[in-house]
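Below is one structure, written out as structure tokens, with a few remarks after it.
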Protein chains: 4
Amino acid sequence: MTDGQSDPRRRARKTALLDAARRRFAQDGFAGTSVASIVREAGVAQGTFYLYFENKAHLLVHLRAEILRDFSAALDRAIARDAPADARLVQALENLYAAVRRHRKMLRVIRQATSGDEIDRVWVEGRRVLAGPLGRLLAEGRAEGRFDLDAPPSFSAHLLLSLFDDLLFDALEYRVPAGGRATLRGATRFVLRGLGVARPRIDDLCPSTARAA
Amino acid sequence: MTDGQSDPRRRARKTALLDAARRRFAQDGFAGTSVASIVREAGVAQGTFYLYFENKAHLLVHLRAEILRDFSAALDRAIARDAPADARLVQALENLYAAVRRHRKMLRVIRQATSGDEIDRVWVEGRRVLAGPLGRLLAEGRAEGRFDLDAPPSFSAHLLLSLFDDLLFDALEYRVPAGGRATLRGATRFVLRGLGVARPRIDDLCPSTARAA
Amino acid sequence: MTDGQSDPRRRARKTALLDAARRRFAQDGFAGTSVASIVREAGVAQGTFYLYFENKAHLLVHLRAEILRDFSAALDRAIARDAPADARLVQALENLYAAVRRHRKMLRVIRQATSGDEIDRVWVEGRRVLAGPLGRLLAEGRAEGRFDLDAPPSFSAHLLLSLFDDLLFDALEYRVPAGGRATLRGATRFVLRGLGVARPRIDDLCPSTARAA
Amino acid sequence: MTDGQSDPRRRARKTALLDAARRRFAQDGFAGTSVASIVREAGVAQGTFYLYFENKAHLLVHLRAEILRDFSAALDRAIARDAPADARLVQALENLYAAVRRHRKMLRVIRQATSGDEIDRVWVEGRRVLAGPLGRLLAEGRAEGRFDLDAPPSFSAHLLLSLFDDLLFDALEYRVPAGGRATLRGATRFVLRGLGVARPRIDDLCPSTARAA
DNA sequence: AATGAATGAGTCTTCATTCAT
DNA sequence: GATGAATGAAGACTCATTCAT
């Protein structure tokens, strides 16, 4: 039996390929990266690639799934804490921000790539996955009397997610004035106000850095 | 001298090329569209293309600029009206929504295309262009005592723009639950609350369709 | 020593591989069939294939030989009977026709495959094998005064074989008008006339179906 | 206007490509010949090939059509003569033999190639084209009292064609004993007898070379 | 003997761009 | 200015065969 060591080896190879792809994509974009350059960097033969991935586009499915898993974990970590809903929300937004930051380059690549059906499905599914816990958090906050939603929690959750991944992605990517930390603070405060949190509580949870000029 | 008629002819040709490109891109994406198919549709020779555009990617610069101009006009039309700032903001958001809707397909194409430096520059520039008038509207609203910003107007403007182009783009593209009209209403109300507009006034300007469950 | 069971096992494996190849070739042609698909269907490992066959092309040698054996048996069965030479010839042609029918798909595949030297050799050899007994039958028929050959029996035998394998193959393959049974009858009668058999005897041995229009 | 010389140039290029293909195919077979080797031999760029042919397989359509045209001309030349039907038939068979001889190599290639639908259609069509005049010749011969067919002329025509292209092809290809001229004579005599031509007349039209051993 | 992961040369085809006319 | 034939580099993917286990 040679299976004893084949599995870890498989896993290692796949990881090597994925890592190489991530690096090449970040550098040259999806279309600009050839399978040849990926295998060269991973140190395997051309044909080996197709032992691990159906085709070039399939790499994106994996890469996207990885990112989604990380986003999901970031959210869950914040929500699982023992604290008032609004405080947990602030933490959740912060974690999300950090995650966007971590994956900024790959997010850009994924946006660039012509999205096949399967890739789209993963993405939409991902949105749903993230919106679930976030929606529940908003519902809890409303029950606790901390949020004053005027739309169903799930809808508000989608709104917030959009705001946080796309907006922050852009902030980081295009260096909109007042990006970075200030953007996080500003956006968080904006969200809290949109959720009907009172001004003093907002100042408490998330002190404003930017002085309203 | 035949120049007298060469200029209008040049313009017509360029337009024909641009129109053809728009149609092909919308159908097949940027990478999926060949220069050959564009010139065929425009009814000119292959080589002629390069008399009007440096290369294929350059088409995007023009297409992007066109969209930006349209967005800008949509915004200005609303802001120029004679009405309170908050009412003008609601109208502006609605116009923006309509513009996103109109250009959805091309926006997607532009996102897909590998972004050369020049294309990026146009995009960032565009954001700035839009943020200008919007920021001034927010400032006016604050002066009128209608908005209660806790960040500089320009920053808030960027926030709103992001919310409205990316979010709505996604809503239309991925059919997030409660997309379409309801999304516009929901997002508008969220924005108004974030700007500190009082509940009765919000109901006035933008009656809620979705009943908070 | 485990060799006691290795031999039957070897034989079984080889047969399994050959059967799988026949099925795949019939479906997808020679070039269109990968060794991978053959071993998958045969339920053995990729590398095992090369323990039984030098290479992919070598399969054809075996397959061809099999077919030849079947043709040969079909011929011998008819010739060995106890009957006049002309009647045996009619039966031989019928058997040949049935054999072509049975192996039609593989015959086509074999024609397609690029013929290495060895494959050619098998084919020529096969013709010779078939021409032997058929030539002797013709000689007997001449001795019996039933055939009136004006070429050596072996040459006539080659003529008949060509007529019967290629012609009938084409008839079946390309659906020439009046293919199938009628073709068999027509060709048989043509052959009998070519061999100088008298009209009434021909009608006896092989009644005409097609009315000469 | 540059059209004046573009057309002859196009034609010359196409011919060059076709010639190169013929040479390469004859040498290495269809599957064994790469487009690269063809363009190299024709002295044009890789991409140029696809300006003249849809794809590699399409070459066969042209090559096949060429051969068919030549066969057809060979037949017509004999049939159009002013002579008795049986004499014209003998001439027709001789011309056909020469044509098979000329195109032997390409016929082999065409048989090898996996035949797409379009290619098959050309082939079947070709058979029909050839069978037409030949069938009419047989009918004329019957009317003149020279042939005694016991199947419809068109069917007999197909029979003869098969006999003459496939059989002779094999004779030349596999060097069956008594190939070449003797084969032509033998086959012709066989055919004449099958058509009911009397022995003295046969000896007249086509003196036997092979002494029946 | 059997396995099956790994190899890498080789295939067809596309297409942005150039340039002689 | 306009043309469109020609270019040739580049790309994704396949698959017969090998070889360490």
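To find a chain, count down the sequence lines: A is the first, B the second, and so on, and within it residues start at 1. What you see is a predicted model, and the numbers here were worked out from it, not measured in a lab.
The closest side-chain heavy-atom distance from B/Lys105 to B/Val109 is not below 4.5 Å. For the pair D/His62/D/Leu59, no side-chain contact is recorded, criterion being any heavy-atom separation below 4.5 Å from C-beta on. D/Phe53 places none of its side-chain heavy atoms less than 4.5 Å from the side chain of D/Val61. In this structure the side chain of A/Phe49 never reaches within 4.5 angstrom of the side chain of A/Val44, judged on heavy atoms.
Residues passing the salt bridge (Lys or Arg N to Asp or Glu O under 4.0 Å) test with D/Arg40, sequence neighbours excluded: none. For B/Tyr52, there are no ring pair (Phe, Tyr, Trp, His ring centres under 6.0 Å) partners at least two apart in sequence or on another chain. A/Gln46 pairs by the side chain to side chain contact (heavy atoms under 4.5 Å, CB included) definition with A/Val35, A/Ala36, A/Val39, not counting sequence neighbours. Here A/Arg23 pairs with A/Glu41 under the salt bridge (Lys or Arg N to Asp or Glu O under 4.0 Å) rule; sequence neighbours left out. Looking at residues two or more places apart in sequence or on another chain, you find a salt bridge (Lys or Arg N to Asp or Glu O under 4.0 Å) between B/Arg22 and B/Asp19, B/Glu66. A/Arg69 meets the salt bridge (Lys or Arg N to Asp or Glu O under 4.0 Å) test with no other residue; sequence neighbours excluded.
Look at CG on A/Asp28: it is 14 Å from C1' on F/dA10, rounded to the nearest Å. What separates NE2 of D/His58 from P of E/dC12 is a distance of 16 Å, to the nearest Å. Protein atom CZ of C/Phe53 is 19 Å distant from nucleotide atom C1' of F/dT18, rounded to whole Å.
Among the nucleotides E/dA2, F/dG4, E/dT7, the one closest to the side chain of A/Leu51 is E/dT7.
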Nucleotide by nucleotide, nucleotides 12-17 of chain F touches protein heavy atoms under 4.0 Å in the pattern (B base, S sugar-phosphate only, - none) SBBBSB
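Contact annotation for D/Tyr52: backbone-only contact, meaning every heavy-atom pair under 4.0 Å involves sugar-phosphate atoms and none involves a base. Here C/Arg40 lies out of heavy-atom contact (under 4.0 Å) with every strand.
For the OP1/OP2 pair of E/dA5 and a distance below 4.0 Å, the side-chain nitrogens and oxygens of A/Arg13 include no atom meeting the criterion.
Each of C/Ala45 and A/Gly43 lies near DNA chain E, and the nucleotide nearest C/Ala45 is the one positioned closer to the 5' end.
Within residues 17-24 of chain A, no residue approaches DNA chain F, by heavy-atom distance under 4.0 Å.
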Symbol by symbol from the 5' end, with Watson-Crick or G-U pairs under 3.5 Å, [ ] crossing and | another strand, DNA chain E is .||||||||||||||||||||
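For the atom pair CG of A/Asp28 and OG of A/Ser34, the computed distance is 8.5 Å after rounding to the nearest 0.5 Å.
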